[in-house]
Amino acid sequence: MKRTKIKDLLNGEEGEALVKGWVKTRRDSKGGFSFLEINDGSCLANIQVVIEHTLSDYSSIENQLMTGSCVSVRGKLVASEGKGQSMEVQATGIEVYGPAPADYPLQKKRHSFEFLREIAHLRPRTNTFGAIMRVRNRLAFSIHRFFQDKGFVYLNTPIVTTSDCEGAGEMFQVTTLDMSNPPRVDGAVDGAVNGKIDFSQDFFGEKTFLTVSGQLEGEIYAMALAEIYTFGPTFRAENSNTSRHLAEFWMVEPEMAFYDLDDNMDLAEEFIKFLLSDIMEHCAEDMEFFNKRIDTTILETLRNIIDNQFERLTYTEAIHQLQKATETFTYPVEWGFALQAEHERYLSEKVFKKPIIVFNYPEQIKSFYMKLNEGGETVRAMDVLLPNLGEIIGGSQREENYDVLLQRLRDKDLDPEEYWWYLDLRKFGSAPHSGFGLGFERLVQFVTGMENIRDVIPFPRTPKHAKF
RNA sequence: UCCGGUGUGGCGCAAUGGUAGCGCACUCGACUGUUAAUCGAGUUGUUAGAGGUUCGAGUCCUCUCACCGGAGCCA
């Protein structure tokens, strides 16, 4: 007989059933039977199994039917006699795959997320993490669906890369050299620490790193396939210790030929709204759980975002808004200075009370590849800022003019030689194009209402932490 | 990296410088078509680590480590 998932049993019809899963809790009755709650991850709800103590072999497995044990139950799916569940399984046979001794760390009570992080191999068995991972899965799926429906091509950009393309923070170095005695340029060996390390002898023949963004490679393919998107792991070796940063995270980066900044913002807004409404529809049970146990306003918040237009304002307008604010800020508000977290929060949470898109930032505070506006003061950059979370999307229209890009590289003290192929894209058949990056974990965080980004990824990597 | 906070049975927490307690879990018993079941009894501690002050330190001081929150950086 084939196993039926609990999700299907709960919506199924009476009859023979085979359930396999992990025991959440057991309640004994002196009436000669026990209740077992079993979960198999197919949904948040457990199925209740009723076991008559007269069942053959029951006495030999009774002490193995504990919280955490893994079991296979054969029985009859029937309408429940008790309250609290519609269907239940009357057991006719039980097999214990793996008992869980009394030192099983997950108890029938709430645990702190800090504690659960220490047992990342067991935390997926909790209600919260099961729900998070189902939502995460659905979001990943609907990201692909959104772009596939629009004819975007899914592109895998390299994870190992040779240059710090954006100047975006610290990178993880990748090497196969012997760290205790690396080869030196001057041929010196043991002890000669003055000679520079000879990376020509490294695996790739030069210094290599883990990618901080697939954007530049994404642009290459957008200049051929017109609309592409990447969705893959990204690495930042920043010593960031916050609830919104990971050293290894997943990023979605669409890149589109023939899109200007307005098209780019339209896509970003449509994208977020699509993902949120999809999750409300397809993860309703899990979302109810988050609304009840994690953040009692989450459903209302998501609904509001889906139903309302994002507020779009230029950086300059944002500065004006901040300058007329009665609130006092820790950091100065002045044109040309970066917007701080407190400024972004004020705008999205106090002034507009909804997602905002700030665009046309000062040229000096943004990356070299962003398209310069007329006058040269600002670039066509845009950030999507969500209330309570902050930046979830950062993007821009790219500079497609060869001469302007070359000058921008020089102005920012970057070596044009290293960007030769990026410049070539502007030399041969250049086109206006745009793109953005969305932090996948930040999306999961926002949708679930979870406070710490370390709890929305299966195995978080943060400074001093790469366990499991 | 900076600022602030925390570190006590398996887990969540308490304890004026003076006998380390409570809840949950666990064990035993009672009760029950039960629902995070309930009721009674019982077991569980190198108070993160190292040093110091003191007659006496979980508590005060110094250092180290870890974690949490905020900031910076960003997605």
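Throughout, a chain's letter reflects where its sequence line sits, starting with A, and its residues are numbered from 1.
Contact check, A:Arg244 against B:rA71: a side-chain N or O comes under 4.0 Å of OP1 or OP2. At B:rG70, none of the side-chain N or O atoms of A:Asn241 fall inside 4.0 Å of OP1 or OP2 (strictly under the cut-off). Between A:Arg26 and B:rA37, a side-chain N or O to OP1/OP2 separation shorter than 4.0 Å is absent. Taking only side-chain nitrogens and oxygens, A:Ser240 never comes nearer than 4.0 Å to OP1 or OP2 of B:rC74.
The base-pairing partner of B:rG4, taking Watson-Crick or G-U wobble contacts with both distances under 3.5 Å, is B:rC68. Using Watson-Crick or G-U wobble geometry with both donor-acceptor distances under 3.5 Å, B:rC55 finds its partner in B:rG18. Pairing partner, B:rU46: none, since no Watson-Crick or wobble contact has both distances short of 3.5 Å. Look at B:rG9: it lacks any Watson-Crick or wobble partner with both distances under 3.5 angstrom.
Annotation: cation-pi pair A:Lys366/A:Tyr361 present, NZ/CZ under 6.0 Å from the ring centroid and within 45° of its normal.
Using a 4.0 Å heavy-atom distance criterion, A:Lys464 is classed as a sugar-phosphate-only contact. Contact annotation for A:Leu246: base contact, defined as any heavy-atom pair under 4.0 Å involving a base atom.
Donor-acceptor pairing under 3.5 Å is recorded for the side chains of A:His53 and A:Ser34.
Note that the OH atom of A:Tyr221 and the CG atom of A:Leu155 stand 6.5 Å from one another [nearest 0.5 Å].
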